[in-house]
2 protein chains.
Amino acid sequence: MATLDQIKEKVILHWGEMGSLWGINRTMAQVHALLFLSDEPLCANDIMEELQISRGNVSMALRELISWGLVTRLHIKGERREYYTTEKDVWTMGRIIARERKKREVDPTINMLRESMAELETMPPSEGAYEREQVKNLLTFFETGVDVYKDLEAHKPNSILKLLGAALKVKKLSS
Amino acid sequence: MATLDQIKEKVILHWGEMGSLWGINRTMAQVHALLFLSDEPLCANDIMEELQISRGNVSMALRELISWGLVTRLHIKGERREYYTTEKDVWTMGRIIARERKKREVDPTINMLRESMAELETMPPSEGAYEREQVKNLLTFFETGVDVYKDLEAHKPNSILKLLGAALKVKKLSS
DNA sequence: TCCTGTTTTCAGTAAATTCTGAAAACTTAG
DNA sequence: CTAAGTTTTCAGAATTTACTGAAAACAGGA
């Protein structure tokens with residue numbers, strides 16, 4: 001029979017593993033999960049204690065999470081310490097993560113591909129035809145992804161995604 | 001003035017960096033990029049030489065890529081060595097990657113969340129109400145993602161994604 | 001101003017991941 | 001079967017990444 005704390009720990013550890021599969025470091029993901037499951041904001045001490053990690057590590061993880069826009073710092077009046085919370089709505093959370101990953105990974109890749117394409121086009125047509133073709137396809141692929149992303153973003157994806165989810169559920173029931 | 005090889009190298013290195021941001025190791029991503037840009041299949045020796053890595057490393061990277069379904073082994077008649085190619089269509093490639101990541105990351109996460117949810121539901125209603133709420137939201141989020149994925153999969157995403165790309169392009173031009 | 005509690009920084013250490021290279025295993029030809 | 005060419009495996013080395021903890025910096029309060 002699992003206690004609440006054991007269940008929380010399981011979720012937090014798993015989230016940490018997932019994070020490290022995704023280029024986000026384990027601790028950062030764990031801190032995020034801990035805050036996500038916490039009803040009230042936590043201070044650095046709480047986090048240290050819950051996750052058994054050093055003060056410095058907490059500080060670095062929080063800095064990163066803040067830079068992603070996933071965590072916000074709270075000054076609680078009368079309190080000397082800072083408190084932290086995370087975005088609690090999963091759809092908004094998903095949107096933030098998508099935005100950041102696009103910015104950090106997709107955009108630079110598109111730039112690189114455009115540059116490469118430009119360079120490839122200065123070459124004699126006889127040379128590198130296949131490479132040109134493939135780089136172009138890759139570029140189109142990423143650009144389409146960005147278009148889809150922007151479209152969702154423009155239409156307030158919260159509602160769109162929720163609707164989509166509901167629609168698919170109905171469809172599943174009726175089929 | 002960049003040569004063809006220099007351009008290829010740039011793309012390959014960048015793809016490697018992206019890979020390591022995504023929990024795929026650098027070498028594996030580089031091998032993938034090299035094959036993707038190669039008109040003809042390559043053998044282990046070619047790869048070693050192009051990427052300046054050891055034979056063992058090539059072998060391991062290929063094994064992984066094959067297990068992802070991104071690379072296939074070719075027996076060329078009259079040749080003793082094995083040759084390797086990768087899926088050349090970007091849309092299919094994207095689909096394969098999505099399928100694998102779902103299998104390796106999303107499915108286990110959903111299982112874990114379902115388990116946690118079940119455990120949380122055996123607890124007295126007064127305890128862990130917030131945690132229950134949040135785990136449930138997370139679960140719905142991932143389940144919706146899977147539903148969307150399945151829907152795309154069922155409809156042969158090649159065409160759907162290409163169409164979507166085209167549609168968005170038209171929309172952009174007309175707005 | 002100084003004092004106290006707090007957060008941040010960062011050099012050094014620890015841990016995890018990746019890579020090498022040589023040996024073993026496998027494969028095909030003769 | 002043996003030999004030669006090729007791939008795989010894996011222990012240890014190298015590299016990269018993450019973490020600690022102590023010192024520095026910071027932020028009120030008195």
Side-chain angles (χ1 to χ4, degrees), chain A residues 12-35 41-68 71-86 104-105, chain B residues 12-35 41-68 71-86 104-105:
Chain A
I12 290 170
L13 291 182
H14 185 103
W15 200 248
E17 290 314 311
M18 282 306 106
S20 70
L21 274 178
W22 276 71
I24 284 166
N25 95 37
R26 203 172 313 241
T27 303
M28 187 178 152
Q30 286 181 2
V31 172
H32 176 242
L34 175 61
L35 291 172
L42 302 178
C43 68
N45 263 341
D46 298 334
I47 298 171
M48 275 176 74
E49 205 171 303
E50 291 270 3
L51 303 181
Q52 300 284 11
I53 57 180
S54 72
R55 178 167 292 286
N57 202 4
V58 170
S59 175
M60 291 188 296
L62 286 171
R63 170 162 28 124
E64 271 293 286
L65 285 165
I66 290 169
S67 93
W68 275 64
V71 163
T72 48
R73 199 189 295 271
L74 290 177
H75 296 273
I76 293 187
K77 66 179 179 185
E79 272 284 1
R80 192 94 175 242
R81 287 180 247 185
E82 315 256 19
Y83 281 75
Y84 304 88
T85 3
T86 191
R104 291 158 197 248
E105 296 153 27
Chain B
I12 290 169
L13 292 181
H14 184 102
W15 201 248
E17 291 313 312
M18 281 306 106
S20 69
L21 273 177
W22 276 71
I24 286 164
N25 94 39
R26 202 173 314 243
T27 303
M28 185 178 155
Q30 287 180 1
V31 171
H32 176 242
L34 175 62
L35 290 172
L42 302 179
C43 68
N45 264 341
D46 297 335
I47 298 171
M48 273 175 76
E49 205 172 301
E50 291 269 4
L51 302 182
Q52 301 282 10
I53 57 179
S54 73
R55 178 167 291 285
N57 201 4
V58 169
S59 175
M60 290 188 297
L62 286 171
R63 170 165 24 126
E64 270 293 288
L65 285 164
I66 291 169
S67 93
W68 275 63
V71 163
T72 49
R73 201 186 295 270
L74 289 179
H75 296 271
I76 292 187
K77 65 179 177 184
E79 274 283 3
R80 193 91 175 247
R81 286 179 245 184
E82 314 255 22
Y83 282 75
Y84 304 88
T85 3
T86 190
R104 292 158 196 249
E105 296 153 25

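The model shown is predicted, which means the values in this text are computed figures rather than measured ones. Convention: sequence-line order gives letters A, B, ...; per-chain numbering from 1.
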Undergrad: Under the side-chain hydrogen bond (donor to acceptor under 3.5 Å, both in side chains) test, which residues partner A:Arg73, sequence neighbours left out?
TA: A:Tyr84

Undergrad: Over how many whole Å does the gap from B:Asn45 atom CG to C:dG21 atom P extend?
TA: 15 Å

Undergrad: Quick one: A:Arg81 CZ to C:dG5 P, roughly how many Å, whole number?
TA: 11 Å

Undergrad: For a 4.5 angstrom cut-off between non-hydrogen side-chain atoms, does B:Leu51 reach B:Asn57?
TA: no

Undergrad: For DNA chain D, note the earliest and the latest nucleotide, 5' to 3', having some atom under 4.0 Å of a heavy atom belonging to chain A.
TA: D:dA18 to D:dG28

Undergrad: For B:Glu79 and C:dT27, give me the distance from atom CD to atom C1', rounded to whole Å.
TA: 14 Å

Undergrad: Could you check whether any side-chain heavy atom of A:Leu34 comes within less than 4.5 Å of a side-chain heavy atom of A:Leu42, counting everything from C-beta outward?
TA: yes

Undergrad: What residues form a side-chain contact (heavy atoms from CB on, under 4.5 Å) with A:Arg81, not counting sequence neighbours?
TA: A:Cys43, A:Asn45, A:Glu79, A:Tyr83

Undergrad: Counting primed atoms plus P, OP1 and OP2 as sugar-phosphate and everything else as base, spell out the protein contacts along nucleotides 14-20 of chain C at 4.0 Å heavy-atom distance: B, S or - for each nucleotide, 5' to 3'.
TA: ---SSSB

Undergrad: Are the side chains of B:Leu35 and B:Val71 in touch, meaning some heavy atoms are under 4.5 Å apart?
TA: yes

Undergrad: Tell me which of A:Tyr84 and B:His75 sits closer to the 5' end of DNA chain C, going by the nucleotide each one is nearest to.
TA: A:Tyr84

Undergrad: The criterion is side-chain hydrogen bond (donor to acceptor under 3.5 Å, both in side chains); which residues satisfy it with B:Arg80, sequence neighbours excluded?
TA: none

Undergrad: For the pair made of CZ in B:Arg73 and C1' in C:dC26, what is the distance, rounded to whole Å?
TA: 12 Å

Undergrad: Looking at the base of C:dT6, is there any donor atom on it, or on the side chain of A:Arg80, that sits under 3.5 Å from an acceptor on the other one?
TA: no

Undergrad: Is the shortest side-chain heavy-atom distance between B:Ile53 and B:Val58 below 4.5 Å?
TA: yes

Undergrad: If you look only at pairs with a residue in residues 12-24 of chain B, which of them pass as a side-chain hydrogen bond (donor to acceptor under 3.5 Å, both in side chains), with sequence neighbours excluded?
TA: A:Glu105-B:Trp22, A:Thr109-B:His14, B:Trp15-B:His32, B:Glu17-B:Arg26

